Amino acid sequence: MAELKLYDTLTREKRLFAPLDPARGVRMYVCGPTVYDFAHIGNARPVIVFDVLFRLLRHLYGADHVTYVRNITDVDDKINKRAFERWTHERPLTAEIRALTDQTLAQFHADVDALGCLRPTHEPRATDFVCRPEPSALDMVKIIERLIARGHAYVEQGHVLFDVPSMPAYGRLARRSLDEMVAGARVDVAPYKRDPMDFVLWKPSDPEKEPGWESPWGFGRPGWHIECSAMSGALLGEMFDIHGGGIDLVFPHHENEIAQSCCAFGTERMANFWMHNGFLMVEGEKMSKSLGNFITIRELLASDRFGGQNWVGDVLRLAMLKTHYRQPIDWTVEGLNESTNTLDDWFRLAAPDQPAEPSPAVIAALSDDLNTPKTIAELHALRNHIRVPQQGQDAEELGRNLAFLGFDRAQFAAWQKGREHAVLQALGGIDEADIGRLIAARLAARKARNFAESDRIRDELAAKGIALMDAKDPATGELTTTWKVAR
RNA sequence: GGCCUCGUGGCGGAGUGGCUACGCAGCGGACUGCAAAUCCGUGUACUCCGGUUCGAAUCCGGACGAGGCCUCCA
């Protein structure tokens, strides 16, 4: 088996990976979306990156020996606010919230399916893990009770707070000491906090406008971080192999998860490897609503807001994987165009209908901390060995690797076809049959060595953005002409 | 203010203490009536200043620049 090396944010080093408990397989948890609105392209990065890791792990350890959990945050103040705003009082507020989160989750699934991502093994919803009746079923309330019992949390004015000073190792992931953080002085001071760094595990809810659950501390709802401790604990165990997410989650989210899980379970570590993907910029600028460059996955797939056209999931996927996951990535129209051309070339040469099976060189590249740029270079090397398009071992090997990496030839081809149609529609008064007739007329003119006429037809089509390509049939030597939309 | 990351050729983007990826664009050639497409070939790099070393773009220190986190955020 190839050696898998992964970078661990906690120790800041690349280490050899091995499952903590081979009998339980590889266990991975990745922070998923808060379902209140369309996911943006920055949200797509961890989804794609950890999908590639999931595929790699399944290949290395067997599909049945990898458990991938990606949570759905469906209790959150942004959700509450959004649901309350659109609430018409025709149904209970909780039903309104559920409708909003169901709808957003369906959108999210459609988006990530289009991006070629496999569904995780489990996609737990936070609301299903607040309070579970069976005594043995781990949930948020039970973790909070354990934290209180162990002296790591306290109740104050209906809130339960994590007692940060009670955990000496707090701050290890983010590499910052308590003194430094307090010196930052931008922490939220609240009367119910003993220490400014203490964070909320449970808070009271207003039954009129907020969702809530009955608990030993009154009607309320969980704080942001506790859901991940509960769901990872319930589905993966007290310690598991890999915990992933965006780098901006390192502090405070993951730091607080570690504090909760380790203090509740009495463990040294929560995850053996902490993996964080880098930040995404759009055309060199931070993506933000105020700059007007905020872009959702859906807008990229189904509108012309970015670059004046829509894009297919495969292009977004390749564009994302061209940069190593820990590097910052600049999301540009030029990058999407380049990815489009690369896929066009690969699919032109790769043999169709191949099973998903990676080459050793691809596995080796991915096994080096998910080096996807190196992986892509291996694909280019393979591509350069292909002598006859779609035929021979190299063409089959390229096809197998593309399938393994989650690229979908049919989806890409359908999109290309759609773009052609759109261009022809925009031209108006010309369709594929017309083009076929013009091509035939040009071939006839060429045969008659009437080059003025044949060039005139070619120029006429070129002016409309249709490029002609001549080729000789290798068998008959007959001249054939194909066309494509030149953009 | 504190902490962290990064700075590679025209562009994108890996990697490495000595053999200097890869892709796009450019350039040259083949093919073509001429093109396009395709195929073959090809130049250019490691922000700056010190230090360690036989040797550094790669390690160390500093400067400058970019970004992130410290508050919701992938």
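In what follows, chains carry the letters A, B, and so on, assigned in the order in which the sequence lines appear, proteins first and then strands, with residues in each chain numbered from 1. Bear in mind the structure is a predicted one, so any value in this text is a computation, not a measurement.
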Within the 6.0 Å centroid threshold, strictly below: A/His243 and A/Phe273: no
No-H, no-angle donor-acceptor pair, A/Arg458 side chain to B/A36 base, under 3.5 Å: no
Donor-acceptor pair under 3.5 Å, A/Asn371 side chain vs B/G15 base: no
Nearest-Å distance for atom pair OH/C1', residues A/Tyr170 and B/C3: 14 Å
Short side-chain N/O contact from A/Trp224 to OP1 or OP2 of B/C73, under 4.0 Å: yes
Position toward the 5' end of RNA chain B (nearest nucleotide), A/Met281 or A/Asp76: A/Met281
Sugar-phosphate only, base, or nothing, as touched by A/Asn277 at under 4.0 Å among non-hydrogen atoms: base
Sugar-phosphate, base or nothing in reach of A/Gly42, heavy atoms under 4.0 Å: base
Listed nucleotide nearest any side-chain atom of A/Met469, set B/C72, B/A36, B/C69: B/A36
side-chain N/O A/Asn337 vs B/C24 OP1/OP2, d < 4.0 Å: no
Sugar-phosphate, base or nothing in reach of A/Pro46, heavy atoms under 4.0 Å: sugar-phosphate
Touch class at under 4.0 angstrom, heavy-atom based, for A/His276 against every strand present: nothing
Rounded C1' spacing from B/G18 to B/C22 in Å: 22 Å
Sugar-phosphate only, base, or nothing, as touched by A/Ser454 at under 4.0 Å among non-hydrogen atoms: base
Phosphate-side-chain proximity, A/Arg383 and B/U38, N/O vs OP1/OP2 below 4.0 Å: no
Sugar-phosphate only, base, or nothing, as touched by A/Gln327 at under 4.0 Å among non-hydrogen atoms: sugar-phosphate
Distance, rounded to the nearest Å, where A/Leu10 contributes CG and B/C4 contributes P: 15 Å
Nearest to side-chain heavy atoms of A/Ala377, which nucleotide of B/A74, B/A21, B/A35: B/A21
Pair A/Asp198, A/Tyr192: side-chain N/O donor-acceptor within cut-off below 3.5 Å: no
Gap in Å between the two C1' atoms, one belonging to B/U53 and one to B/C11, rounded: 35 Å
Whole-Å distance separating the CD1 atom of A/Ile457 from the P atom of B/C34: 19 Å
A/His159-A/Trp202 aromatic ring centre distance below 6.0 Å: no
Whole-angstrom distance between B/A14 and B/C46, as gauged at atom C1': 12 Å
Separation of B/C69 P from A/His254 NE2 (nearest whole Å): 14 Å
Sugar-phosphate, base or nothing in reach of A/Lys484, heavy atoms under 4.0 Å: nothing
Residue-phosphate contact under 4.0 Å: A/Asn384 side-chain N/O, B/G23 OP1/OP2: yes
Centroid separation A/His225 to A/His254 less than 6.0 Å: no
Spacing of A/Lys464 atom NZ relative to B/A36 atom C1', expressed in whole Å: 18 Å
Between A/Thr340 and A/Asn337, a side-chain donor and acceptor under 3.5 Å: no
Sugar-phosphate only, base, or nothing, as touched by A/Asp470 at under 4.0 Å among non-hydrogen atoms: base
Residue-phosphate contact under 4.0 Å: A/Arg348 side-chain N/O, B/C39 OP1/OP2: yes
Side chains of A/Asn71 and A/Glu227, donor plus acceptor under 3.5 Å: yes
Sugar-phosphate, base or nothing in reach of A/Leu249, heavy atoms under 4.0 Å: sugar-phosphate
Sugar-phosphate, base or nothing in reach of A/Arg326, heavy atoms under 4.0 Å: nothing
Whole-angstrom distance between B/G15 and B/C6, as gauged at atom C1': 16 Å
Selected nucleotide, minimal atom distance to A/His40 side chain, candidates B/A74, B/A37, B/C72: B/A74
Stacking of A/Phe279 on B/G67 base (centres under 5.5 Å, planes under 30°): no
Polar side chain donor-acceptor pair, A/Thr101 to A/Arg125, under 3.5 angstrom: yes
Contacts of A/Arg221 that satisfy salt bridge (charged side-chain N to carboxylate O under 4.0 Å, His left out) - sequence neighbours left out: A/Asp77, A/Glu210
Listed nucleotide nearest any side-chain atom of A/Asn43, set B/A74, B/C70, B/A14: B/A74
Interatomic distance where CZ belongs to A/Arg175 and C1' belongs to B/C69 [whole Å]: 15 Å
Which nucleotide in B/G33, B/G68, B/A14 has an atom nearest any side-chain atom of A/Pro373: B/A14
d(CG, A/Leu173; P, B/C69) in whole Å: 15 Å
Separation between the P atoms of B/A35 and B/A30, rounded to whole Å: 10 Å
Same-atom distance (P) from B/A63 to B/U20, integer angstrom: 34 Å
Contact under 4.0 Å: A/Lys472 side-chain N or O vs B/A37 OP1/OP2: no
P gap between B/C49 and B/A56, integer Å: 14 Å
A/Lys374, nearest nucleotide to its side chain (from B/G33, B/C70, B/A14): B/A14
N or O in side chain of A/Thr342 less than 4.0 angstrom from B/G23 OP1/OP2: no
Inter-nucleotide P distance (B/G13, B/C4), Å rounded: 25 Å
RNA chain B base-pair string [pairs: Watson-Crick or G-U under 3.5 Å; |: paired with another strand]: (((((((..(((.....[...))).(((((.......)))))....(((((..]....))))))))))))....
Value in whole Å for how far the P atom of B/G67 lies from CG of A/Asp248: 16 Å
Given B/C72, B/C69, B/G12, the nucleotide with the shortest approach to the side chain of A/Lys286: B/C69
Criterion ring-ring contact (aromatic ring centres under 6.0 Å, His included) against A/His40, the qualifying member of A/Phe294, A/Phe108, A/Trp331, A/Phe306: A/Phe294
Exercise: do A/Arg458 and A/Ser454 side chains pair donor with acceptor under 3.5 Å: no
Modelled atom types, side-chain donor and acceptor of A/His385 and A/Asp394, under 3.5 Å: no
Upstream residue (5' side of RNA chain B) when A/Arg446 and A/His380 are each assigned their closest nucleotide: A/His380
Touch class at under 4.0 angstrom, heavy-atom based, for A/Ile376 against every strand present: nothing
Under-4.0 Å salt bridge between A/Asp51 and A/Arg55: yes
